[in-house]
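Remarks on the structure that follows.
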Amino acid sequence: EDQLMSLFNLFHGCLQSVYVDQITPTVFEMQRRLRKAHIDEAVVQAILPICARNQSLFQIWVPEDCNVCVLLLTEPLENATLQRATYKAPYNVEFLEVVQEVVVAKLSSKLMAVAAANAPLPKYDIHGREGR
């Protein structure tokens, strides 16, 4: 839960900087900025499913050019640098839920591997017994 909240905060801050720079808030742009900040690649790849989990903060839009955008619901839509075609026809909620399920299923194993890699290793005594 705390890790998820820190990811929400990370992505929120990233999107705010995209808004300030008046750049279209695409997933690609967010990934570029996070990579530049040396964020772990598994986290960079998980932007879409993680943002889709917090529908009170983020809105996912798929424009005609298929460059998926993440919008901040805490900001007026006018603050996002969008072309009219980008906002013209969002996919319906049912479609986005199916996309979210597929993406989450595919990326959850990668996120679990990252979490396991960051977990402390058990300590062993000289006889190979854990916990000493």
Side-chain angles (χ1 to χ4, degrees):
E1 183 77 22
D2 289 340
Q3 188 177 16
L4 191 57
M5 285 305 296
S6 67
L7 291 175
F8 289 153
N9 290 334
L10 174 69
F11 296 156
H12 185 269
C14 180
L15 270 174
Q16 283 182 318
S17 73
V18 171
Y19 275 56
V20 166
D21 293 342
Q22 298 182 337
I23 297 172
T24 303
T26 63
V27 170
F28 177 79
E29 179 61 24
M30 290 178 68
Q31 289 173 329
R32 187 189 70 74
R33 288 172 184 243
L34 293 171
R35 285 183 182 116
K36 188 175 179 182
H38 305 288
I39 302 298
D40 187 278
E41 186 62 25
V43 172
V44 172
Q45 292 297 319
I47 290 172
L48 192 56
I50 290 172
C51 289
R53 289 184 68 154
N54 190 337
Q55 295 176 2
S56 63
L57 187 57
F58 305 107
Q59 175 75 44
I60 310 289
W61 288 93
V62 183
E64 291 174 359
D65 65 3
C66 295
N67 284 320
V68 178
C69 294
V70 181
L71 304 177
L72 283 173
L73 293 179
T74 56
E75 293 285 332
L77 188 57
E78 308 80 65
N79 290 358
T81 304
L82 302 172
Q83 298 170 346
R84 283 195 177 272
T86 302
Y87 185 67
K88 184 176 165 184
Y91 287 94
N92 65 32
V93 173
E94 293 82 15
F95 175 79
L96 290 176
E97 287 172 352
V98 170
V99 169
Q100 176 185 345
E101 288 174 17
V102 170
V103 173
V104 167
K106 289 186 177 189
L107 290 176
S108 64
S109 62
K110 288 184 181 184
L111 288 174
M112 295 303 276
V114 168
N118 292 330
L121 296 174
K123 296 184 180 178
Y124 295 94
D125 65 13
I126 60 169
H127 301 289
R129 292 182 294 229
E130 188 175 340
R132 297 220 176 174

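Starting from 1, each residue takes its place in the sequence as its number. Since the model is a prediction, treat every value here as computed from it, not as a measurement. Basis for what follows: all heavy atoms, side chains included, without hydrogens, waters or symmetry-related copies.
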Any chance you could lay out the side-chain contact (heavy atoms from CB on, under 4.5 Å) test for Phe11 and Val70, step after step, and finish with the verdict? CA-CA 10 Å; Phe11 296 156; Val70 181; over 6 Å; no
Could you please spell out the steps behind the side-chain contact (heavy atoms from CB on, under 4.5 Å) verdict for His12 and Asn54? CA-CA 11 Å; His12 185 269; Asn54 190 337; over 6 Å; no
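Counting heavy atoms from C-beta on, the side chains of Asn67 and Thr24 never come closer than 4.5 Å. In this structure, the side chains of Leu34 and Leu10 come closer than 4.5 Å at one or more pairs of heavy atoms. Using a 4.5 Å heavy-atom cutoff, the side chains of Leu73 and Ser56 are not in contact.
A continuous path of hydrophobic side-chain contacts links Trp61 to Met30 [ILVMFWY only; heavy atoms under 4.5 Å]. In the hydrophobic clustering of ILVMFWY residues, with side-chain heavy atoms under 4.5 Å counting as a link, Ile47 and Leu4 come out together. Linking Ile, Leu, Val, Met, Phe, Trp and Tyr whenever their side-chain heavy atoms come within less than 4.5 Å leaves Val18 and Ile39 in two separate clusters. If you chain together hydrophobic residues whose side chains sit under 4.5 Å apart, Leu77 and Val20 never meet in one group.
We find the CG-SG distance between Leu15 and Cys69 to be 10.0 Å, quoted to the nearest 0.5 Å. Here the straight-line distance linking atom CD of Gln31 with atom CD of Gln45 works out to 5.0 Å at 0.5 Å rounding.
Of all the heavy atoms in Leu72 and Phe58, the pair that sits closest is CD2-CE2, 3.9 Å. Of all heavy-atom pairs spanning Ala80 and Leu71, the tightest one is CB-CD2, 4.1 Å.
A donor-acceptor pair is defined here as one N or O able to donate and one able to accept, closer than 3.5 Å; no such pair exists between the side chain of Tyr19 and the backbone of Glu75.
Residue pairs satisfying the salt bridge (Lys or Arg N to Asp or Glu O under 4.0 Å) criterion with at least one member in residues 7-29, sequence neighbours excluded, are listed as follows: Asp21-Arg33, Glu29-Arg32, Glu29-Arg33.
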